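Since the model is a prediction, treat every value here as computed from it, not as a measurement. Position 1 is the first residue of the sequence; numbering continues from there.
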Amino acid sequence: KDILVLQSDAKNYVKIFTDPKTSYTVKASLNHLENQLVSSSFMRVHKEYIINLSAISSVNQQEQIIQVGAFHVPLGKNYRNDFFSRYIIL
């Protein structure tokens with residue numbers, strides 16, 4: 001529940017952010033971590049990002065940016081439809 005954003009570096013390392021100044025780096029793929037997280041709380045929104053849905057502050061649909069706390073996370077084209085169908089339900 002403390003996790004805000006997970007960000008992949010595309011080299012099998014993922015930074016897990018619990019706040020803007022605190023992160024933990026783990027050696028794992030984003031796919032692996034995505035399968036470990038509770039799907040009702042977290043969602044992949046970009047090839048490099050998973051976000052905590054309950055931590056969303058705002059969504060800029062025009063620029064396709066999701067604000068999660070202090071983070072501005074891009075919304076990937078391949079994830080848009082799934083995100084907006086789930087976000088509307090929230």
Side-chain angles (χ1 to χ4, degrees):
K1 88 178 188 193
D2 294 334
I3 296 172
L4 297 176
V5 175
L6 293 89
Q7 179 183 15
S8 170
D9 71 355
K11 296 178 184 171
N12 280 335
Y13 286 91
V14 175
K15 281 188 178 180
I16 301 171
F17 291 92
T18 55
D19 66 56
K21 296 180 182 178
T22 307
S23 69
Y24 305 92
T25 301
V26 296
K27 184 173 178 150
S29 70
L30 201 57
N31 285 337
H32 174 74
L33 294 176
E34 182 178 21
N35 291 329
Q36 303 300 312
L37 294 168
V38 178
S39 64
S40 62
S41 301
F42 293 90
M43 183 174 187
R44 183 109 174 227
V45 295
H46 187 276
K47 65 181 179 179
E48 296 177 3
Y49 292 94
I50 295 173
I51 62 169
N52 182 335
L53 293 170
S54 65
I56 293 173
S57 306
S58 66
V59 177
N60 183 326
Q61 290 187 14
Q62 185 175 350
E63 294 182 22
Q64 301 295 302
I65 300 290
I66 305 165
Q67 185 169 347
V68 181
F71 298 95
H72 292 86
V73 179
L75 179 56
K77 183 172 67 172
N78 294 334
Y79 301 91
R80 288 179 192 160
N81 289 339
D82 287 342
F83 173 76
F84 285 117
S85 66
R86 270 184 82 180
Y87 184 68
I88 291 169
I89 293 170
L90 296 174

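Scanning all heavy atoms of the two residues, the minimum distance from Leu33 to Ala28 falls at CG-CB, 4.1 Å.
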Verdict with supporting geometry, Phe83 and Val59, side chain to side chain contact (heavy atoms under 4.5 Å, CB included): CA-CA 11 Å; Phe83 173 76; Val59 177; 3.9 Å; yes
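To the nearest 0.5 Å, the span separating OG1 on Thr25 from CG on Asp9 amounts to 8.0 Å. Distance check, rounded to the nearest 0.5 Å: CZ of Phe42 to OG of Ser54 gives 7.0 Å. Separating the CG atom in Asn31 from the CD1 atom in Ile50 is a distance of 8.0 Å, to the nearest 0.5 Å. Between the CZ atom of Phe71 and the CG atom of Asn52 there is a distance of 11.5 Å, given to the nearest 0.5 Å. Atoms OG and CG, from Ser39 and Leu53 in turn, are 9.5 Å apart once rounded to the nearest 0.5 Å. Here the CG-CE distance, from Asp82 to Met43, works out to 5.0 Å after rounding to the nearest 0.5 Å.
Under the 3.5 Å distance criterion, the side-chain polar atoms of Ser57 are matched with a main-chain donor or acceptor of Gly69.
Taken together through direct or relayed side-chain contacts under 4.5 Å among Ile, Leu, Val, Met, Phe, Trp and Tyr, Tyr13 and Tyr24 form parts of separate hydrophobic clusters. Ile65 and Leu4 fall into different hydrophobic clusters, where Ile, Leu, Val, Met, Phe, Trp and Tyr side chains are chained together by heavy-atom contacts under 4.5 Å.
Scored by the side chain to side chain donor-acceptor pair (under 3.5 Å) test, Tyr49 finds Gln7 as partners (sequence neighbours excluded). Ser23 pairs by the side chain to side chain contact (heavy atoms under 4.5 Å, CB included) definition with Lys15, Phe17, not counting sequence neighbours.
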What donor-acceptor contacts under 3.5 angstrom involve side-chain atoms of residues 73-81, with partners at least two apart or in another chain?
from	atom 1	to	atom 2	distance (Å)
Arg80	NE	Gln64	OE1	2.9

